[in-house]
Enquirer: 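My structure is below; once you've seen it, I'll send some questions.
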Amino acid sequence: MSELMTLAIDCGGGGIKGSVLDPRGTMVAKPLRVPTPYPLPPSLLVETVVGLSERLPAADRVTMGMPGMIRHGVVIATPHYITRSGPRSKVVPELVEEWKNFDMGRAIGRALGLPTKVWNDAEVAGTGVITGTGLEMIITLGTGLGNAVFDAGALAPHVEVSQGFVRWGLTYDDYIGEHERLRLGDAHWSRRVRRIVDGLRPMYMWDRLYIGGGNSKRITAANRARLGDDVVIVPNDAGIIGGVRAWEK
């Protein structure tokens, strides 16, 4: 039996990247990245993914992660792609309507002619790093805050923690997103990360928390040391590597 190759696509607020993985989760091609285009109707995201796939080796199936509430490949809501020019810019009502209940799994599958899974991006990243033991959670730090929870390796129903309020009327996306890191600097921003971890811990009572995403490496050493023994920083490529393991769920 030939080995199945997986096209893994990780869609973010600032960039869309992809690679092809062998059954062991090893990339067989250097990851490619393109800036996330805005404004971004669903058809343009499909077109962008197809364009990336054409520059990568052939695959037998597709795993795609994207921000927002995704149920069975259908977009219930997505926070960044409904805006005029990217995160924190003006929301475009027409895009809200286009994205609502858009079946991205079916659209990507038809465009590429391959079996396709579309999940929340943090769910894919978490799948790439969990051990499958106990209650495990991942938060991803990038344009905003992503999250996913796993119980004994099984993916729990998604909760958009990013849209919850932290303080001063700010959501987690507002409070910990890339715009705030740039405004505050890494040291002050890292203290906010630690504050969020301390706040989520009594809510989820995890056995292990993973922190991933492109900004996880920005957490200062002093704050890393105070996160707790139940917290693990993981590489940003988990969003791609999880593309293979997602098919085992």
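Just so you know, residue 1 is the first one in the sequence shown, and it goes up from there.
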Enquirer: Minimum heavy-atom separation for D60 to E3, with atom names?
Expert: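 In terms of heavy atoms, the two residues are closest at OD2-O, 3.6 Å.
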Enquirer: Check for a donor-acceptor pair, side chain of N120 on one end and backbone N or O of G68 on the other, with a separation under 3.5 Å.
Expert: yes
Enquirer: Just say parallel, tilted or perpendicular for the rings of F102 and W99, cut-offs at 30° and 60°.
Expert: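 Plane angle over 60°, so perpendicular.
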Enquirer: Hydrophobic clustering (ILVMFWY, side-chain heavy atoms < 4.5 Å, transitive) - are V91 and L45 grouped together?
Expert: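 Per the 4.5 Å side-chain linkage, L45 and V91 are co-clustered.
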Enquirer: Would a single hydrophobic cluster contain both V62 and L32, if residues Ile, Leu, Val, Met, Phe, Trp and Tyr are joined by side-chain heavy-atom contacts under 4.5 Å?
Expert: yes
Enquirer: Is the closest side-chain heavy-atom distance between N223 and L227 below 4.5 Å?
Expert: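 No, too far: nothing below the 4.5 Å cut-off.
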Enquirer: So which atom in T78 and which in M66 form the shortest heavy-atom distance, rounded to 0.1 Å?
Expert: OG1-CE, 4.0 Å
Enquirer: So which heavy atom on S19 is nearest to which on A29, and how close?
Expert: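 It is OG-O, 2.7 Å.
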Enquirer: Short question: side chain of D173, backbone of G177 - any donor-acceptor pair under 3.5 Å?
Expert: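 No; zero donor-acceptor contacts below 3.5 Å.
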Enquirer: Is it true that I241 and V234 fall in one hydrophobic cluster, defined by side-chain heavy atoms closer than 4.5 Å?
Expert: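 Different clusters: I241 never reaches V234 through Ile, Leu, Val, Met, Phe, Trp or Tyr contacts under 4.5 Å.
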Enquirer: Looking at residues at least two apart in the chain, or sitting in another chain, which of them share a side-chain hydrogen bond (donor to acceptor under 3.5 Å, both in side chains) with R88?
Expert: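 R88 satisfies side-chain hydrogen bond (donor to acceptor under 3.5 Å, both in side chains) with D174, H179 only.
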Enquirer: Identify whether the distance between the nearest side-chain nitrogen and carboxylate oxygen of D198 and R195 falls below 4.0 Å.
Expert: no
Enquirer: Do L21 and I240 touch side chain to side chain, with heavy atoms closer than 4.5 Å?
Expert: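 Heavy-atom side-chain distance check passes, below 4.5 Å.
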Enquirer: As an exercise, state the distance from CD1 of I16 to CG of L40, rounded to the nearest 0.5 Å.
Expert: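 That separation rounds to 6.0 Å.
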Enquirer: Starting from V159, can I reach I176 by hopping between I/L/V/M/F/W/Y residues whose side chains sit under 4.5 Å apart?
Expert: yes
Enquirer: Salt bridge check, K100 against E97: does any charged N sit closer than 4.0 Å to a carboxylate O?
Expert: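 No salt bridge links E97 with K100.
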Enquirer: Would you find a donor on one side and an acceptor on the other, under 3.5 Å apart, between the side chain of T36 and the backbone of G12?
Expert: yes
Enquirer: Does some side-chain heavy atom of R201 sit less than 4.5 Å from a side-chain heavy atom of D230?
Expert: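 A side-chain contact exists here, since the closest heavy-atom pair is under 4.5 Å.
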Enquirer: Contact between P37 and T48 at the side-chain level, heavy atoms closer than 4.5 Å - yes or no?
Expert: yes
Enquirer: Looking at L95 and Y81, what are the two nearest heavy atoms and their distance?
Expert: CD1-O, 3.8 Å
Enquirer: Donor-acceptor pair, S162 side chain versus Y172 backbone, under 3.5 Å?
Expert: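 Looks like no, no N/O pair under 3.5 Å.
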Enquirer: Do the side chain of S190 and the main chain of D186 share a donor and acceptor less than 3.5 angstrom apart?
Expert: yes
Enquirer: Can you measure from NE2 (H72) to NZ (K117) and round to the nearest 0.5 angstrom?
Expert: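 The distance works out to 11.0 Å.
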Enquirer: Can you check whether T127's main-chain N or O pairs, donor with acceptor, with R245's side chain at less than 3.5 Å?
Expert: yes
Enquirer: Ignoring hydrogens, what is the shortest heavy-atom contact between T6 and R61? Give both atom names and the distance.
Expert: OG1-NE, 2.8 Å
Enquirer: Please output the side-chain donor-acceptor pairs of residues 103-113 that fall under 3.5 Å, not counting sequence neighbours, one pair per line with the distance.
Expert:
from, atom 1, to, atom 2, distance (Å)
D103, OD1, G105, N, 3.4
D103, OD1, R106, N, 3.0

Enquirer: So V244 and T63, do their side chains get closer than 4.5 Å, heavy atoms only?
Expert: no
Enquirer: Quick check: do N215 and W189 have side-chain heavy atoms less than 4.5 Å from each other?
Expert: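 Side chain of N215 against side chain of W189, heavy atoms only: contact under 4.5 Å found.
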Enquirer: If we ignore hydrogens and angles and just use 3.5 Å, is the side chain of W119 paired with the main-chain N or O of I70 as donor and acceptor?
Expert: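 No; zero donor-acceptor contacts below 3.5 Å.
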Enquirer: Could you give the distance from CZ (R71) to CG (N101), rounded to the nearest 0.5 Å?
Expert: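 Reported value, rounded in 0.5 Å steps: 9.5 Å.
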Enquirer: If we ignore hydrogens and angles and just use 3.5 Å, is the side chain of N147 paired with the main-chain N or O of V161 as donor and acceptor?
Expert: yes
Enquirer: Rounded to the nearest 0.5 Å, what separates atom CD1 in I211 from atom CD1 in I138?
Expert: 9.5 Å
Enquirer: Do V92 and T83 touch side chain to side chain, with heavy atoms closer than 4.5 Å?
Expert: no
Enquirer: Is there a side-chain contact between E47 and V50, using heavy atoms and a 4.5 Å cut-off?
Expert: no
Enquirer: Output the distance between atom OG1 (T171) and atom CD (E160), rounded to the nearest 0.5 Å.
Expert: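 Output value for this atom pair is 10.5 Å.
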Enquirer: Among Y204, Y210, W206, which one satisfies side chain to side chain donor-acceptor pair (under 3.5 Å) with E136?
Expert: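 Of the listed options, the one satisfying the test is Y210.
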Enquirer: May I ask you to check if R192 and Y175 form a cation-pi contact, with NZ or CZ under 6.0 angstrom from the six-membered ring centre and within 45° of the axis?
Expert: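 Yes, a cation-pi geometry.
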Enquirer: How long is the gap from CG on N236 to CG on L141, to the nearest 0.5 Å?
Expert: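 If we round to the nearest 0.5 Å, N236:CG and L141:CG are 10.0 Å apart.
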Enquirer: Which heavy atom of M64 sits nearest a heavy atom of V124, and at what distance?
Expert: O-CG2, 4.3 Å
Enquirer: Are V193 and I233 in one and the same hydrophobic cluster, where Ile, Leu, Val, Met, Phe, Trp and Tyr link if side-chain heavy atoms are under 4.5 Å apart?
Expert: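 Shared cluster, yes.
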